[in-house]
Chemist: 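Okay, here's the structure, questions in a sec.
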Amino acid sequence: MLDIKLIRENSDLILNNLEKRRNKDYIIMFKQLIEKDNNWRELKKQIDELRKKRNELTKEIQLLKQKNEKVAINKKIKEAKIIPKKIKELDDICKNIEIEKKFLLLRIPNLLHETVPFGEDKGENIIVKKWGKKPDFRFSPKSHVDLVKILNLVDIERAAKTSGTRFYFLKNQLVELEFALILHSIRILKERGFNLIIPPTLVRGFIMEGGGFLPTFKEDVYKIEDEDLYLVGTSEAPLVGFHEDEILYEKDFPIRYGGFSTCFRTEAGAHGKDTKGIFRTHHFEKVEMISITNSNRSWGEFDYLFETAELFWQSLGIHYQKVNICTGDIGIVASKKYDLEAWYPSQNQYRELVSTSNCTDYQARRLKIRYREKDGMPTKICHTLNSTLIAIQRGLTCILENYQKEDGNIEVPKVLQKYVDFKEIILK
RNA sequence: GCCGAGGUAGCAAAGUCUGGCCCAACGCGCCGGCCUUGAAAGCCGGUUCUCCAUCCGGGGAGCAGGAGUUCAAAUCUCCUCCUCGGCGCCA
């Protein structure tokens with residue numbers, strides 16, 4: 001969420017930024033927010049004055065009791081007695097306004113970085129870099145959907161039986177490749193200064209809210225019935241929640257976490273999209289990077305995270321492009337976002353494998369993640385960043401497609417060969 | 001799941017039975033100031049959130065979270081969460 005003080009003092013700046021999103025709702029919400037905030041402050045002033053009065057009377061009563069002046073005490077108590085009711089009355093109104101205020105504040109998106117390109121939708125994202133080459137196939141490459149079927153690596157039909165659509169049984173060498181990818185991932189993350197973590201995959205509502213996953217994306221996450229627990233759509237949620245309501249030290253920045261977890265997504269808004277295979281599923285494993293730092297360093301860190309993802313995909317020899325996500329496609333939390341889109345020969349297009357975001361102070365403010373330059377110095381709000389390294393199942397689809405051979409076998413990428421006892425997945 | 005003990009500021013630790021001198025003691029760390037040639041010691045102010053005020057400054061809230069009783073709650077009552085120990089169950 002945005003800084004309410006900045007909203008009060010510099011509303012024009014924020015309005016100009018919100019306008020870039022070309023969504024009138026945000027402007028309306030913002031104006032309502034300012035109104036609510038004014039109401040709130042007015043009421044708070046009144047309430048605080050009443051409390052002050054009550055505190056004063058309480059003290060007087062206390063003194064009179066010591067002197068045992070009964071008549072005066074009764075008079076004061078009579079006077080004091082009416083105040084709590086008034087406070088309660090105003091406070092109830094104030095609390096409601098506060099709820100409305102928070103409702104708006106939680107839905108107003110982050111400020112966009114000036115280098116975010118303007119655009120209506122993902123068609124207007126800007127390609128900023130390409131790496132590697134498309135594989136030169138002398139045959140018509142198969143899709144991962146066909147490959148996993150032919151090579152007996154995934155069973156979708158039976159998963160439909162046990163669990164429904166968008167589930168899968170991963171089988172045989174693909175299971176081994178998954179673990180190879182995980183081991184390769186954590187090796188790179190360790191070298192790049194990330195602390196390895198496997199987080200809980202169920203988290204409380206306020207952690208989801210703090211990360212920006214709620215309330216805006218309520219339909220996209222699974223909730224446990226009768227409990228205030230959600231299945232995480234990404235380990236970003238527990239990993240940024242890790243330091244919730246903490247005060248960190250600047251000397252420790254950047255704090256980097258390399259998290260591995262299963263992720264659960266309803267894919268509510270994706271009906272009809274990527275319905276076949278394991279490209280888009282309700283559950284998958286993902287290796288994620290998280291960084292906590294401050295405003296001085298977060299843009300450098302943003303590049304560092306993306307570079308780490310690039311190094312990983314380069315090690316696998318996958319041809320990709322780096323994309324600067326435009327205003328219409330960026331979402332509410334990130335101030336700037338780069339995607340890494342890899343080449344899918346069967347689809348003849350680039351598909352998203354990695355998304356790197358600088359959330360600036362937007363998440364950290366919600367989660368009360370602060371830092372000090374030194375002990376005794378005032379606290380400031382941290383910056384948080386996140387990036388995919390690899391979503392395993394999607395990564396596998398990309399590898400399968402790019403490493404397929406004319407004879408129908410799949411070559412195992414060089415860097416993964418040391419983790420498995422085969423160099424090819426062979427058609428039986 | 002049951003029983004017991006707990007949750008107090010950056011850390012550490014009193015206060016809870018017996019409500020008010022608790023805007024939370026004594027420490028430790030750190031920040032600012034005074035003092036000093038400099039430092040240490042000493043002294044003063046600070047070290048969470050928030051409101052008003054350009055500045056000086058003045059309020060309010062906060063003792064795991066919420067609700068209640070009361071003129072007044074860290075302290076009493078109820079609900080929830082979490083931690084630790086014991087028992088049970090279990091991969």
Side-chain angles (χ1 to χ4, degrees), chain A residues 1-10 33-102 105 198-210 223-230 238 241-253 255 262 292 294 361 364-382:
Chain A
M1 77 195 168
L2 299 178
D3 182 5
I4 191 74
K5 282 178 192 154
L6 188 72
I7 291 171
R8 284 172 197 151
E9 289 160 17
N10 228 329
L33 175 63
I34 289 177
E35 202 184 308
K36 293 288 172 203
D37 184 50
N38 286 334
N39 293 344
W40 178 81
R41 279 192 290 169
E42 179 51 42
L43 268 170
K44 168 137 173 78
K45 214 164 130 185
Q46 290 178 28
I47 292 167
D48 280 355
E49 267 158 29
L50 281 169
R51 284 195 172 126
K52 188 184 175 190
K53 179 77 185 152
R54 186 199 61 189
N55 291 346
E56 282 165 3
L57 283 168
T58 294
K59 227 164 239 172
E60 286 171 32
I61 291 167
Q62 196 189 130
L63 289 172
L64 288 169
K65 273 219 166 166
Q66 283 163 9
K67 293 180 198 156
N68 206 17
E69 296 185 29
K70 282 185 183 147
V71 180
I73 291 169
N74 285 339
K75 200 182 146 207
K76 285 287 173 193
I77 287 181
K78 210 170 172 187
E79 195 183 335
K81 223 167 187 153
I82 50 173
I83 297 180
K85 221 198 274 171
K86 279 191 198 162
I87 291 177
K88 176 105 175 57
E89 238 167 68
L90 290 178
D91 202 42
D92 285 346
I93 302 170
C94 191
K95 272 178 185 156
N96 276 326
I97 292 176
E98 207 165 349
I99 288 165
E100 289 165 5
K101 201 175 119 175
K102 199 179 170 197
L105 204 49
I198 296 181
T201 45
L202 289 169
V203 302
R204 296 173 188 282
F206 80 95
I207 294 291
M208 290 296 275
E209 191 176 283
K223 185 179 183 301
I224 304 297
E225 200 173 7
D226 298 328
E227 293 196 62
D228 178 36
L229 283 174
Y230 295 81
F242 189 75
H243 287 296
E244 185 267 341
D245 198 23
E246 288 186 23
I247 300 172
L248 308 170
Y249 292 97
E250 189 182 21
K251 67 176 169 54
D252 299 323
F253 290 160
I255 297 173
T262 304
I292 301 173
N294 62 4
D361 59 5
R365 183 169 294 106
R366 287 172 170 227
L367 287 165
K368 294 177 289 204
I369 307 173
R370 292 150 294 163
Y371 73 96
R372 289 183 213 277
E373 283 162 29
K374 276 183 189 169
D375 264 336
M377 301 280 278
T379 60
K380 294 180 181 170
I381 307 285
C382 294

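Each chain gets a letter, A, B and so on, in the order its sequence line appears, and its residues count up from 1. Worth saying up front: this structure is predicted, and the values here are computed from it rather than measured.
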Chemist: For B:G10 and B:C17, measure between their P atoms and round to the nearest Å.
Modeler: 26 Å

Chemist: Roughly how many Å apart are B:G45 and B:C51, using the C1' atom of each and rounding to a whole number?
Modeler: 22 Å

Chemist: Students often get this wrong, so: under 4.0 angstrom with heavy atoms, is A:K53 touching a base, only sugar-phosphate, or nothing?
Modeler: nothing

Chemist: Between the side chains of A:K223 and A:D228, is the shortest nitrogen-to-carboxylate-oxygen separation below 4.0 Å, so that they form an ion pair?
Modeler: no

Chemist: Which nucleotide in the list B:G60, B:C51, B:C21 gets nearest to the side chain of A:D48?
Modeler: B:G60

Chemist: Does the distance from a Lys or Arg side-chain N to an Asp or Glu carboxylate O, for A:K102 and A:E209, drop under 4.0 Å?
Modeler: yes

Chemist: Ignoring backbone atoms, test whether A:R372 places a side-chain nitrogen or oxygen under 4.0 Å from the OP1 or OP2 oxygen of B:G29.
Modeler: no

Chemist: Taking only the side-chain nitrogens and oxygens of A:T379, find out if one of them lies under 4.0 Å from OP1 or OP2 of B:G10.
Modeler: no

Chemist: Please confirm whether any donor atom in the side chain of A:K65 sits under 3.5 Å from an acceptor in the base of B:G20, or the reverse.
Modeler: yes

Chemist: When you compare B:C76 with B:U16, how far apart are their C1' atoms, in angstrom units rounded to a whole number?
Modeler: 10 Å

Chemist: Taking atom C1' in both B:A61 and B:A74, what distance in whole Å separates the two?
Modeler: 14 Å

Chemist: Quantified in whole Å, what is the C1' atom distance between nucleotide B:C22 and nucleotide B:A41?
Modeler: 31 Å

